[in-house]
Amino acid sequence: MIQNNVLLEKTLDFSVRVVRSYQYLIKEKHEDVMSRQLLRSATSIGANAREAVYGTSKQDFIAKLHIALKETSETEYWLILLQRTAYLSDRQAESLLGDCLAIKKILISTLNTCKESST
């Protein structure tokens, strides 16, 4: 199930991008607080999605994906804040936000499918 899983691939790729953005923000912009929050929430998305795959039940799977979805919302917040405070350029922020939104859509779709099959 893990191989060729679009959600897991996208969240890992997104995490790598955010780690690189974090390094940039620390070294070039000397920004530590917001970038650390971004790093935590963004990398948590993929960690929770990966945990969901190994959930002990369907409810556990759904719960972990809900946590991942909440983390996408928090990640969006930090990206917008970093953009509005000019730590990230519009181009940088919009690119990361686009990836975050794509992951959010996959999570919502997956959760809806799980809930529909439960009823």
Side-chain angles (χ1 to χ4, degrees):
M1 179 160 182
I2 288 184
Q3 288 182 333
N4 300 318
N5 185 308
V6 173
L7 176 61
L8 297 183
E9 286 298 317
K10 283 191 177 295
T11 57
L12 183 59
D13 290 345
F14 183 62
S15 291
V16 169
R17 290 192 65 208
V18 169
V19 167
R20 289 183 179 142
S21 297
Y22 170 77
Q23 292 168 333
Y24 161 79
L25 288 163
I26 293 291
K27 290 178 187 173
E28 302 296 323
K29 298 290 189 166
H30 308 289
E31 199 301 307
D32 183 51
V33 176
M34 292 180 288
S35 57
R36 186 171 293 146
Q37 290 294 119
L38 171 65
L39 180 68
R40 287 180 182 156
S41 64
T43 56
S44 180
I45 299 166
N48 279 289
R50 201 170 224 356
E51 279 187 55
V53 171
Y54 291 104
T56 55
S57 66
K58 189 171 191 175
Q59 289 303 91
D60 189 29
F61 177 79
I62 290 170
K64 292 295 183 191
L65 289 186
H66 269 291
I67 293 169
L69 182 58
K70 287 180 179 181
E71 295 295 337
T72 61
S73 180
E74 182 179 343
T75 299
E76 286 177 291
Y77 173 81
W78 293 117
L79 287 169
I80 291 166
L81 186 57
L82 285 161
Q83 178 183 24
R84 289 188 181 180
T85 55
Y87 283 105
L88 288 177
S89 69
D90 289 344
R91 190 174 137 267
Q92 290 168 316
E94 287 167 13
S95 177
L96 288 165
L97 282 164
D99 287 353
C100 191
L101 180 61
I103 291 167
K104 186 178 188 179
K105 286 179 180 180
I106 294 169
L107 285 167
I108 290 169
S109 176
T110 303
L111 283 164
N112 287 339
T113 299
C114 286
K115 289 174 185 176
E116 288 170 6
S117 68
S118 294
T119 57

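Throughout, residue positions are numbered sequentially from 1 according to the sequence presented. Scope of the values below: all heavy atoms of this structure, side chains included, with no hydrogens, waters or symmetry mates.
- The hydrophobic clustering, which links ILVMFWY residues whose side-chain heavy atoms are closer than 4.5 Å, places Ile26 and Leu39 together.
- Residues Ser41 and Lys70 are not in side-chain contact: their nearest non-hydrogen atoms beyond the backbone lie 4.5 Å or more apart.
- Partners of Thr11 under the side-chain contact (heavy atoms from CB on, under 4.5 Å) rule, at least two apart in sequence or in another chain, are Leu7, Ile45, Ile103.
- Residues satisfying the salt bridge (Lys or Arg N to Asp or Glu O under 4.0 Å) criterion with Glu31, sequence neighbours excluded, are absent altogether.
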Task: side-chain contact (heavy atoms from CB on, under 4.5 Å) between Tyr87 and Leu81, intermediate numbers included - done: CA-CA 9 Å; Tyr87 283 105; Leu81 186 57; over 6 Å; no
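- Of all heavy-atom pairs between Asp60 and Gly55, the closest is OD2-CA, 3.1 Å.
- Atom-to-atom distance recorded for Cys114:SG and Gln59:CD is 9.5 Å, nearest 0.5 angstrom.
- In this structure, CG in Asn5 is found 11.5 Å from CG in Leu12, a value given to the nearest 0.5 Å.
- Side-chain contact, Ser15 with Thr43: no donor N or O sits under 3.5 Å from an acceptor N or O.
- The nearest pair of heavy atoms linking Ala52 to Lys64 is CB-CB, 3.6 Å.
- Side-chain atoms of Ser95 do not come within 3.5 Å of backbone N or O of Gln92 as any donor-acceptor pair.
- Atom CZ of Arg40 is separated from atom CH2 of Trp78 by 10.5 Å, given to the nearest 0.5 angstrom.
- Note: the hydrophobic cluster containing Leu96 does not contain Val16 (ILVMFWY, side chain heavy atoms under 4.5 Å, direct or indirect links).
- Looking at heavy atoms from C-beta onward, Asn48 lies in side-chain contact with Glu51 at the 4.5 angstrom threshold.
- Both Val6 and Ile108 belong to a single network of hydrophobic side chains, linked directly or stepwise wherever heavy atoms of I, L, V, M, F, W or Y lie under 4.5 Å apart.
- Listed for the Thr75 side chain is a donor-acceptor partner under 3.5 Å among the backbone atoms of Glu71.
- There is no side-chain donor-acceptor pair under 3.5 Å between Lys104 and Ser73.
- Here the SG-CG distance, from Cys100 to Leu38, works out to 9.0 Å after rounding to the nearest 0.5 Å.
- At a threshold of 4.5 Å between side-chain heavy atoms, the hydrophobic network of Ile, Leu, Val, Met, Phe, Trp and Tyr places Leu97 and Val19 in one connected group.
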TODO: Please step through side-chain contact (heavy atoms from CB on, under 4.5 Å) for the pair Leu88 and Leu79, ending with a clear verdict.
DONE: CA-CA 8 Å; Leu88 288 177; Leu79 287 169; 3.9 Å; yes
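- Taking the charged nitrogens against the carboxylate oxygens, Asp99 and Arg17 do have a contact shorter than 4.0 Å, which makes a salt bridge.
- In terms of heavy-atom proximity, Val53 sits nearest to Phe61 at N-CD1, 4.2 Å.
- The CG atom of Leu69 lies 12.0 Å from the CD1 atom of Ile106; values are rounded to the nearest 0.5 Å.
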Open item on the list: Assess the residue pair Gln37 and Glu74 against the criterion (side-chain contact (heavy atoms from CB on, under 4.5 Å)); give the C-alpha distance rounded to whole Å, side-chain angles, the decisive distance to 0.1 Å, and a yes or no.
Closed with: CA-CA 9 Å; Gln37 290 294 119; Glu74 182 179 343; 3.8 Å; yes
Task: Audit row: Ser35, Lys29, side chain to side chain donor-acceptor pair (under 3.5 Å) steps and yes/no - done: CA-CA 10 Å; Ser35 57; Lys29 298 290 189 166; over 6 Å; no
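- Side-chain contact check for Asp90 and Gln83: at least one donor-acceptor pair (N or O, by modelled atom type) lies under 3.5 Å.
- Side chains of Tyr77 and Thr72 form no contact here, defined as non-hydrogen atoms less than 4.5 Å apart.
- Annotation: salt bridge (Lys or Arg N to Asp or Glu O under 4.0 Å) contacts of Glu94 (sequence neighbours excluded): none.
- In terms of hydrophobic clustering, with Ile, Leu, Val, Met, Phe, Trp and Tyr side chains grouped at heavy-atom distances under 4.5 Å, Phe14 and Tyr24 are assigned to a common cluster.
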